Amino acid sequence: MQAEDVDGRRESGCGAERLKYDSSIQMLSVQPDTKPKGCAGCNRKIKDRYLLKALDKYWHEDCLKCACCDCRLGEVGSTLYTKANLILCRRDYLRLFGVTGNCAACSKLIPAFEMVMRAKDNVYHLDCFACQLCNQRFCVGDKFFLKNNMILCQTDYEEGLMKEGYAPQVR
């Protein structure tokens, strides 16, 4: 049993919809003897001690921000995402452009940025990944059984096995 990031599952094979990113936001020290570079965000000269380089452009640390939440991308990590002429943090990129699906247990929407659990072709919210008879939550490494697209704990599965005599599918 393993939690996985929905982004990896949903982005594979999307062709033209694949996300674009530059994983190399670099913080550079400005050399005192060099001509000041222009900021791609505000168009002013960068006279600070440090500057950021991303998307083959130079930025003040305060100017390279997510277009949605205004978080400073140099602080949240070294990856930014671009689509529809927007510069975004990962969370907002997935919120706006990630493909979503429904939970096999509760049928509610699973946001593209949320962690999920999987059993065969079914995808579940982490909180919904529990025995569908007794509601026992599973921990990493626990055995669970899949019967008629229902997740069952070992106890409920074995009780059903005694009553009906069906074959196990251990995952």
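Quantities reported herein were computed from a predicted structural model and do not represent experimental measurements. Hydrogens, waters and symmetry mates are skipped; everything else that's a heavy atom, side chains included, is used.
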Starting at [atom1] of [X], measure out to [atom2] of [Y] and round the result to the nearest 0.5 Å.
X: Cys103; Y: Lys108; atom1: SG; atom2: NZ; answer: 9.5 Å
X: Cys131; Y: Gln154; atom1: SG; atom2: CD; answer: 11.5 Å
X: Met150; Y: Leu133; atom1: CE; atom2: CG; answer: 4.0 Å
X: Ile110; Y: Cys128; atom1: CD1; atom2: SG; answer: 7.5 Å
X: Cys42; Y: Leu64; atom1: SG; atom2: CG; answer: 11.5 Å

Nearest non-hydrogen partners of Tyr124 and Ile151, listed with the distance: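 Scanning both residues completely, I find the closest heavy atoms to be CZ-CD1, 3.2 Å.
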
Minimum heavy-atom distance between Ile25 and Leu73, given as atom pair plus value: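 Heavy-atom minimum between the residues: CD1-O, 3.8 Å.
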
Look only at the side chain of His125 and the backbone of Leu109, and say whether a donor-acceptor pair between them is shorter than 3.5 Å.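 Pair found, side chain donor or acceptor close to backbone of Leu109.
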
When you measure from the side chain of Trp59 to the backbone N and O of Ala54, does any donor-acceptor pair fall under 3.5 Å?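 It does hold such a pair.
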
Are [X] and [Y] packed together at the side-chain level, in the sense that at least one heavy-atom pair is separated by less than 4.5 angstrom?
X: Asn149; Y: Asn122; result: yes
X: Cys134; Y: Thr155; result: no
X: Lys37; Y: Lys45; result: no
X: Leu55; Y: Leu80; result: yes
X: Cys153; Y: Lys143; result: no
X: Lys65; Y: Cys71; result: no
X: Leu146; Y: Lys120; result: yes

Can you confirm whether more than 12 heavy atoms, excluding those of Asp121, are under 6.0 Å from its CG atom?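 For Asp121, atom CG is not crowded (no more than 12 foreign heavy atoms under 6.0 Å).
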
Could you check whether atom CZ of Arg95 has more than 12 heavy atoms from other residues, nucleotides or ligands sitting under 6.0 Å from it?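 For Arg95, atom CZ is crowded (more than 12 foreign heavy atoms under 6.0 Å).
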
One pair to check against side chain to side chain contact (heavy atoms under 4.5 Å, CB included): Leu52 and Leu28. What are the steps and the verdict? CA-CA 6 Å; Leu52 297 176; Leu28 304 173; over 6 Å; no

Which label fits Phe129 and Phe144: parallel for a plane angle under 30°, tilted from 30 to 60°, or perpendicular past 60°?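 The arrangement is perpendicular - the two ring planes meet at more than 60°.
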
Does Arg137 come within less than 4.0 Å of Asp142, counting only side-chain N to carboxylate O?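 Salt bridge: no.
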
Hydrophobic cluster membership, Met27 vs Ile46, 4.5 Å side-chain cutoff: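 No: no chain of side-chain contacts under 4.5 Å links Met27 to Ile46.
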
